[in-house]
Amino acid sequence: MPRILDAVSLTENARTRVGSDLAERARRVLPGGATHAARAYDPPIYVGRASGSRKWLVDGTELIDYTMGHGALILGHAHPVVVEAIREQAARGTHYGAASPLEVEWAELIASMLPSAEKVRFTQSGTEAAMLALRVARAATGRDRVVKLQEHFHGWSDVVSSYLDADGHVRTPPGVPSLLGTLTTVVPTGDASALIAELERRDVAAVILEASGAHYGRIPLAPAFISAARDACTATGTVLVFDEVVTGFRVGPGGMQALLGITPDMSILGKVMSGGLPGGAVAGRADLLELLATSIEHPGTFNANPLSAAAGIATLRIVADGVPQRTADAYASSLDREWTGALSTAGIGGGVRRLSSILHVRLDDPGAHARLANAMRAEGVDPLHTSAFCSAVHTIADLEQSSAAFARAIVRASSPA
Ligand SMILES: Cc1ncc(COP(=O)(O)O)c(C=O)c1O
């Protein structure tokens, strides 16, 4: 069997076979042939290499990448400074079973950038950060109930899985006890009176929300709502948690909280924070985080592991001045203009929404979303569903190529096969 990275040197027939062989092997050992619902493409694709704004499939196909590590790679793939930091650290050891200077510098960098971060506790993912923040809030308040907003995503743990069905009833997904629906109350997005009514019962430990609006800005949330949530939390002794797993360090060095001028009690972080390696963190008020030193259990083999810390520090040092984020924003703004123009030229109902360096394409026919993502891939551009994460290293050539690709893909997607 050829090594995957050698595939590009094979004949075209052999290269095509490498991809389909992998799909066949994957179906035998991976549920549904995939490891993440967002990567279960049909047809499946396998990436062998990525650099800057581009990635290459095992069959040699080149794609302009807008998945950017599910938003983690604001500096693009394999940024040389980040790669060097990882390489150096790997040679020095990947786990000391003890504290390392890296965790101190990593936490200091976060605290210097994020308004809510007096203290930082590292986790292994954004999902774990949400679990931990809610545990801290429950311990601090002595209350059990938490409140989340409909459609807001905070990872896959039981505690944030509840949702409202079409009739407005709280439901839990398969595998999550329905009893948990009584502990996690879901409020319709943007409904300030419903939120305030819940908080006035004074039995809610925490409100957790994406300050960008659900799905990193796909469904916007009015700043006035967030401000009302801040006031109501303060008035009722409820802990306000911002989910900045995607937005932290991406929309600017200080995240959404700096843009809005609203400081939560705790923030959860991930993605950009660990420079493309696994990681997460809860950052927030010292009095809340200090409970981790006294009453709250939080072990975790890979908390603040040196490899993620090295990648995180290298990345945060580069993004601390806000220049890479502004570069990525400017690129996204041009792409927004081009893609919006293509929709209107083709006379297709829908629009493009931009939050900083993230674009969301919304079509009036929701059935066309999956067709659009597939058509874009066929045109050499890989979005995450119909969203696009831009980086500081996308180029004018990427812009021209992906605008032309979008114009062709949108026409194809709007007419069902
Ligand atoms: C807003 C938000 N919160 C939390 C998470 C969970 O983070 P992780 O995938 O690192 O567990 C995600 C993941 O995409 C996310 O988008």
Side-chain angles (χ1 to χ4, degrees), residues 34-40 66-74 110 114 116 120-135 137 146-163 173 176 184 186 189 206-221 226 240-251 255-257 259-260 264 266-284 298 300-305 307-309 311-312 315 353 355-360 383-389:
T35 53
H36 189 303
R39 298 176 209 151
Y66 291 108
T67 67
M68 281 293 142
H70 292 206
L73 301 171
I74 184 103
I110 292 168
L114 200 72
S116 64
V120 180
R121 180 63 169 247
F122 291 104
T123 63
Q124 302 167 86
S125 66
T127 293
E128 285 191 8
M131 292 162 66
L132 182 62
L134 296 178
R135 179 177 285 194
V146 298
V147 169
K148 62 163 288 198
L149 305 185
Q150 174 75 341
E151 284 288 345
H152 285 224
F153 178 68
H154 311 294
W156 59 269
S157 76
D158 290 0
V159 65
V160 287
S161 294
S162 305
Y163 63 94
V176 177
T184 305
V186 186
T189 301
V207 174
I208 185 167
L209 53 85
E210 286 185 76
S212 55
H215 308 295
Y216 29 94
R218 179 169 274 273
I219 305 171
L221 192 59
I226 303 170
L240 179 62
V241 181
F242 278 5
D243 183 333
E244 297 246 30
V245 168
V246 172
T247 52
F249 314 112
R250 172 173 278 279
V251 301
M256 282 304 300
Q257 52 204 266
L259 294 189
L260 291 165
M266 285 190 281
S267 307
I268 61 168
L269 303 167
K271 308 222 185 213
V272 172
M273 186 205 85
S274 36
L277 264 62
V282 178
H298 173 240
T301 301
F302 292 104
N303 293 351
N305 74 85
L307 216 51
S308 296
T315 301
R353 178 170 289 132
L355 172 72
S356 185
S357 52
I358 312 167
L359 298 184
H360 302 286
L384 185 64
H385 305 298
T386 54
S387 297
F389 287 98

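Order of listing sets the numbers, starting from 1, for every ligand and every atom in it.
Applying the 6.0 Å contact sphere to CZ of R218 captures more than 12 heavy atoms from other residues, nucleotides or ligands.
The nearest pair of heavy atoms linking Q257 to S267 is NE2-OG, 2.9 Å. Residues A281 and T123 come closest through the heavy atom pair N-OG1, 3.5 Å.
In the model, R250 has no side-chain atom that pairs as donor or acceptor with a side-chain atom of S356 under 3.5 Å. For H215 and E151, the side-chain atoms include at least one donor-acceptor pair closer than 3.5 Å.
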Contacts table for ligand 1: protein N or O within a distance under 3.5 Å of ligand N or O, distances only.
| residue | atom | partner | partner atom | Å |
| --- | --- | --- | --- | --- |
| ligand 1 | 3 (N) | F153 | O | 3.3 |
| ligand 1 | 3 (N) | D243 | OD1 | 3.2 |
| ligand 1 | 3 (N) | D243 | OD2 | 2.6 |
| ligand 1 | 10 (O) | G126 | N | 2.8 |
| ligand 1 | 11 (O) | G126 | N | 3.4 |
| ligand 1 | 11 (O) | T127 | N | 2.8 |
| ligand 1 | 11 (O) | T127 | OG1 | 2.6 |
| ligand 1 | 14 (O) | K271 | NZ | 2.8 |

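Every residue meeting the side-chain contact (heavy atoms from CB on, under 4.5 Å) condition with A38, not counting sequence neighbours, appears here in chain and number order: H36, H70, L384, H385.
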